[in-house]
Structures are given as structure tokens and as C-alpha cells.
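To start, the structure under review is shown below, and the notes come after it.
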Amino acid sequence: STPVAPGTPTAVGTPVAQTGQTGQTGTAQASAPGYPRPEKRATGAVSSETPGLADMTFPGILAGEKVVQAVKSCALQVQSPFCEVPGRICITPFRLKFMTPKGGLRKDLQWMRGAKYFDVPFGLVETIKDEKLVTVTGATELRVTITCKDLRCLVFILRSEQDSRLLLDSVESFGTPGNPAMLFAFKFADALRKDGLQEEHDSGWDLYDPEQDYARMGIDTLLIPNPQCPWRVSDLNKEYKLCSSYPAFIVLPRRMPDQALRDVAAFRKRGRLPAMSWCGGPELSFASLWRCSQTTEGLTGLIGTKCVEDQSMLNAIRLGNGSSERDLLCIDLRPKVSAWVNKAGGGGFESYPQCRMIWGGIDNIHVVRDAWRAMGSAVARLVDTQVGSWMKDVASSGWYDYIGAILSCTLKVVTEVLNFKANVVIHCSDGWDRTAQVSSLAMLCMDPHYRTQVGFLKLIQKEWCSFGHRFRTRLAIGDAPTSEYSPVIIQWLECVFQLLQQFPDAFEFSTSILVRLAEEVFTNRYGTFFFDNERERRSVEAHTVSLWSVLLQPEEFDHWRNPGYKAQRVHLYPSICQANYVVWEAYWFRYHVRGESLPAESSSWPSSESPKSQAMTDVPEAPAQTPTAPPEPSQVSPESEELEREPGEPMSLFSPAELTAPKPEPTQLFADDDEDIFAKPNKTGGS
């Protein structure tokens, strides 16, 4: 069940009989426990240019955004305090926006407006469910429940099944079309260019230049040759044929020939051979950090069957910076039991001579998802006027245990590279979840460049976007969530938050950027996090806006700058003791009444509003009603009226031209990571 925070919408009437229910909408990537494949509803035909809607607007409306449909009379259920809030729902290609009439929102609920609780981008919708209930009084109640990827849960009481269908169809059409080309980011970019607010080629897509970044580390590149460096930038993957989920340019040992590297890629899961993430340059004798996926020898490895080229590559990494007497530290970030179960299923780990294997103990994506939801439940149960069980609930979630495991592995990497000037290899199963978390945190600790504002964005682009973290799959971008949905990136952002608390003057950026990123990864406004790897993302760069170009605009840049920053070349050794951890309240309490008393983190960010919206008035508001029943249709302002539809007349949320775009059914090409083999069952029934 979904946790509901004080002040969070939830059921008011107690149902005694259930006569109808529809599950989550959208096109699922695969039928999976906990994420059932929905029935497809037919959509059909009222134009988005319906009089009374085309001219509607509201403060903060974006370029390319317009109201295309509206539920003109409904109520939002709130549990604490126990009431119903009357209003209407405006539907745009970007969001659902619940709007209350003047005087329709109680004083003790005003915090919800300030927190933008009623503003739900379609990318943030995790599930939507419609129900027809009979209350204890015998009345029939039409209810639609929207569960969000940021822990919100909105419950609407509607007047007709037509309104219910409109909400379901809008989420399917705008949130989970199955085709990323139909997401709002494309309309947004086109509108900005037409208004002259966006350059034809978005410079944000070029922010991270791999050759420049590696040259800065002292790596041998065409830009700055360095024949003394044992590593080289290779274009072996420039057409993504060596590894489809790796960047086009990777750093490899100089002494390894190309054919041997191809053999190593064939031996590593999904072709993700060891590639260098960071190098300390001549100051650290070119000590470096490498990332990869697990090996694939399976149980045959127990009787000596290995890949000679793979063993040679790890030996080349060990000897690369002259540390011939020290064994190569290989950190398998998984729990030991998980690694052995994977080995039985065809995976493996490095039991090579002169390789020192240790286990990281970081659990998989299912555990992350369950812990995140348990933290949400802890927040939901928190009431400031009651003793409650906050400390117990947070501990029971395990969230900070898993944060500790990640920081512990990070400290091991930092200590080995900086103190012993030795190389380190890290991996999990596929090398795109836990590996990205640890590599990027270690780079923040070892390299002051990544602690600058520009450097931090480059780090995310490099270690997460270019090296193939599966954003589309993990965050269900453009598709309904599958069992592989998991907020891994949110877990990493909290790890970064912990570093900022321990070293407040070492980072040029403030914690406000972390909250902003936690939102923007879901919104479908920018193309930065579309798709699962660099190769796929290339197709949208010319048609969407990069979030990086927006964050680097002067008005935005100053907003997330840390005024206490002290530029200095220091290395950070994070404390892994949980007594030093701080709850990331700006994230967890964003949609809780407690968040009202916290310092503003993201509410005052500049926005890419449509130039027209800045000169327009708000949507005409309905006359105030008592907060116990939806307003009557006759009392809604006539300016917001839709054209009347016949009961059987279909609706269309896209124009005919937009509907000509292909809408392929997404397919799950392979079982992902190790979760399908040994994952703990989650509470929603997923594996």
C-alpha cells in the first residue's frame, strides 16, 4: 500500500463494496509482478483547440505548454486535516495541475500550494488507478488515485466516468506513450527555438568533452600527447560496436592490443570491459580507478577455465603505474552471496593471481526501491504533535544502512588510490548502477574539479549518462514502470548530500541542485536523461534541451552556488559512521507539512516560462465552495468551460499530426542485472 503523509490526499469515505477498478495505465516494457500490463483504452476525438481551453493559462506555464483538457469539477481528498478540497484539474501535455477556487483552500493546507503539491508533471506519475466505490452511506463514489515517483499520492473524487477516463487517458498519452518522441521535451525545445529563447545547437550537449577531461588528468590524448602515461584514449568503441552501452571514447591500458581488448569485451557481461574512470596524473604515479561489469566464466571457473586476455588486462592495470609489488584491489560491490548466486547463473568475479578481491555489500535495485518506499512510509507516519516512531521507522527502512555501504566502498577506493598510489577496479553485475554510484562519489572525493559547479555536471554526464546508467528503465521514462524500476540516482544524490554535510566548504555547489536534479530526472522536460545509454541518447540531442545548458545560465548558476565555498586542492575522506549522517530533509519533507519550516531549496528556481504566460492572468477560478463537496457544474466560471460532448463521443489528447508518429511497443530484451536471480521479493509483488 502507498504511504500517505499528513496533509496528503487519501480516502475519506469508507468503502463497503467495490464495483469497479482499473489498474495502472501506460505501455509496460514487460509484464512483471507488481506492474501488471494494463488494458489499452481507446482514445479518440475532441481537439486541443477547444474554445475555452486554448486561451487558458496559469502562472509558470512553460514554452510549448497549453491547456488541452480540463476536469472542471472535482475534489481532492485530504486526510489531515480530514476534508475535501474543491477545484478543477487542468491538463497540459506536460502536467496535471489541480487548481482551487479563491477561498477553497484551508489556511492549514496553504503549505501544499507553496510546495507545488498540486502540480504533477506526467513523468512523475508512477501509477494511476480508478475505482467505483460504495461508501457506508450507500453513495457511489468515483475515485482516481495517482501515485507519484516523489512519494506524493493524490486522490480525486470525480463527478462522471468520462472525467475518470480523461485522467487515465491523459497519463497514458502524455506520460507513458511508449515512444520518447511523443514526450513534452520535444514540444518544449521547439517552442523555445520559435520564441528565440534557445540556440539552434544546444551547447549543453557538448559540456562534457572526454578528450579534454582525460587530457586534464594527464592521459595520453591527441589533444595533449603524453607518451609517459600507461593509459591511452581509444576510439575502439567509436561506433558502439565493442560495447553498445559504453561511451564512444574510453581509456584503456596502452600495452593491450585491440584484438585482446575485443576478447575481454566478449568475456565481460554485456561487453562492459574494464575502462578507466579517473587518473591522478603524474602526482599520483598515474594511479587510477577502473569500472566494468562482472566476468562470465560461471561455475566452470572453479576448475580453472578463465579468459587469458581478461587476466592479462587486469595485470596490465596492476602494473600500469609501476606498483608491481602490490596486488590489484578489485572491489565486487555486491554482497558475497549475491556474487556467488550470479556465478552459478553464468556470471563471476576476479579470482586471479595478484588480485585482492573484497566484497562491497551493496544491495541491488529491488532493495533500494523497497528502502526508498519504506522511508516514504516513515515520512508519512510523522506527525509533529505526536511522539511517533520516526527513529525506529527510519532504522527499519534500511536506507541509511545502504547509504553507509556505498560510502564505505567509496572510502576504500579513495584510500587505495591516494594513500598507496595504486589502481582499483570496481564492478557490480552490469556495472551501471552500484558501480556508477561508487565511481562518481570517489571522483568527487579525489578530484576538486568535480566539486565545482561545472565539474559536477560533467561528472554526472560522464559517469552516469555516458557510461550507460539505464535512466529510461530505472525511472520509467515514457513507459510504465517494470520490476526494474528503482530510484538508484536518488540514492546517489543523498550520498552526495552526506558529503556536503561533512565538508560544507569543499563544494562550489549547494544542496539545492540535488533537490532540483531529484525532480528533473523524472519530469520529461529535458532530454538529458532520456534513454539508457549514450548511443541511444544521440538521437534526441538535436531535438531537446539539455538540462546542463539551463543550469549554467547566469540566473540559474548563481542560485545553486555555495556562498561558503573555498577553492582548494584537498582530498576528502568521508566518515562512514552513521552517527555523522544527516537526514536529507529538503528531499524527504518536500511534500510534508514539516517541509514548510525548512529553508527554501527549490521553490524559487527560475523557470522557462512561456513569454505569453508572463503577461496572462490565472485560470478563472470557480466561486468558493465548502471544503466538503465538489462544486456544482453551474458554478464553474464560463471562461473555463469545455465544449459539451455526447456521452459516447471519444476524446483526443494529441492532434492528428502528432498521432502519425510511430508508437512501437517497448520490449524487454534481456533480464537485467542480478535482481532476477536472487532478489528479495518486494512488497508490490515484484521479483
Side-chain angles (χ1 to χ4, degrees), residues 1-26 34-42 69-89 91 96 98-100 104-106 109 112 117-118 120 125-148 151-172 175 373 376-377 380-381 480 591 625-633 636 645 647-648 651 683-685:
S1 61
T2 302
V4 182
T8 300
T10 187
V12 172
T14 303
V16 296
Q18 183 169 305
T19 58
Q21 179 172 329
T22 303
Q24 173 184 324
T25 69
Y35 295 96
R37 189 176 184 87
E39 295 180 2
K40 302 289 286 184
R41 280 175 293 278
Q69 288 291 348
V71 175
K72 55 193 176 184
S73 177
C74 65
L76 179 71
Q77 290 189 337
V78 178
Q79 173 157 334
S80 179
F82 190 79
C83 65
E84 293 182 4
V85 180
R88 69 175 60 121
I89 303 172
I91 299 170
L96 294 171
F98 179 69
M99 303 190 71
T100 60
L105 190 63
R106 297 167 47 143
L109 295 180
M112 301 176 80
Y117 197 105
F118 306 138
V120 184
V125 176
E126 182 177 355
T127 63
I128 181 169
K129 180 176 65 174
D130 65 328
E131 298 173 289
K132 183 183 292 186
L133 305 173
V134 179
T135 67
V136 290
T137 62
T140 299
E141 182 178 87
L142 295 175
R143 182 191 305 177
V144 169
T145 302
I146 297 176
T147 304
C148 298
L151 301 173
R152 281 181 289 176
C153 180
L154 290 82
V155 180
F156 293 106
I157 301 301
L158 306 175
R159 303 190 67 88
S160 70
E161 293 187 12
Q162 189 176 29
D163 289 337
S164 175
R165 194 182 78 224
L166 176 60
L167 290 182
L168 296 168
D169 287 346
S170 64
V171 170
E172 180 176 351
R373 286 178 172 156
S377 297
R381 286 190 287 269
Y591 301 113
Q625 299 289 313
T626 61
T628 57
E632 295 297 326
V636 179
R645 298 187 300 266
M651 296 173 291
K683 297 178 181 179
T684 61

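Model, not experiment: these values are computed from the prediction. Basis for what follows: all heavy atoms, side chains included, without hydrogens, waters or symmetry-related copies.
- C74 approaches F98 most closely through the heavy-atom pair SG-CE1, 3.8 Å.
- Atom CG in D130 sits 8.5 Å away from atom CG in L142 (nearest 0.5 Å).
- Note that the CZ atom of R152 and the CD1 atom of I146 stand 10.0 Å from one another [nearest 0.5 Å].
- For the pair P81/L109, a side-chain contact is recorded, criterion being any heavy-atom separation below 4.5 Å from C-beta on.
- Using cut-offs of 30° and 60° on the angle between ring planes, the pair Y591 and Y117 is perpendicular.
- Considering CD of E141 and CD of Q77, their distance stands at 5.0 Å, rounded to 0.5 Å.
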>> Apply side chain to side chain contact (heavy atoms under 4.5 Å, CB included) to residues I91 and L167 and explain how you reach the verdict.
In response: CA-CA 8 Å; I91 299 170; L167 290 182; 4.1 Å; yes

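- Contact detail for T147 and C153: the closest heavy-atom pair is OG1-SG, 4.2 Å.
- One distance of note links CE of M112 with CG of L76; it measures 6.0 Å at 0.5 Å rounding.
- The CZ atom of F156 sits 9.0 Å away from the CD1 atom of I128 when rounded to the nearest 0.5 Å.
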>> Under the criterion side chain to side chain contact (heavy atoms under 4.5 Å, CB included), I'd like the reasoning laid out for Q69 against S170: C-alpha separation, chi angles, the key distance, then a yes or no.
In response: CA-CA 9 Å; Q69 288 291 348; S170 64; over 6 Å; no

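- Here NZ of K132 is found 12.0 Å from CG of L158. Values are rounded to the nearest 0.5 Å.
- Side-chain atoms of R143 do not come within 3.5 Å of backbone N or O of V155 as any donor-acceptor pair.
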> For M99 and F118, what are the C-alpha separation, side-chain angles and deciding distance, and is it a side chain to side chain contact (heavy atoms under 4.5 Å, CB included)?
Replying inline: CA-CA 7 Å; M99 303 190 71; F118 306 138; over 6 Å; no

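- Screening V171, V125, I89 against V120 for a side chain to side chain contact (heavy atoms under 4.5 Å, CB included) leaves a single residue, V125.
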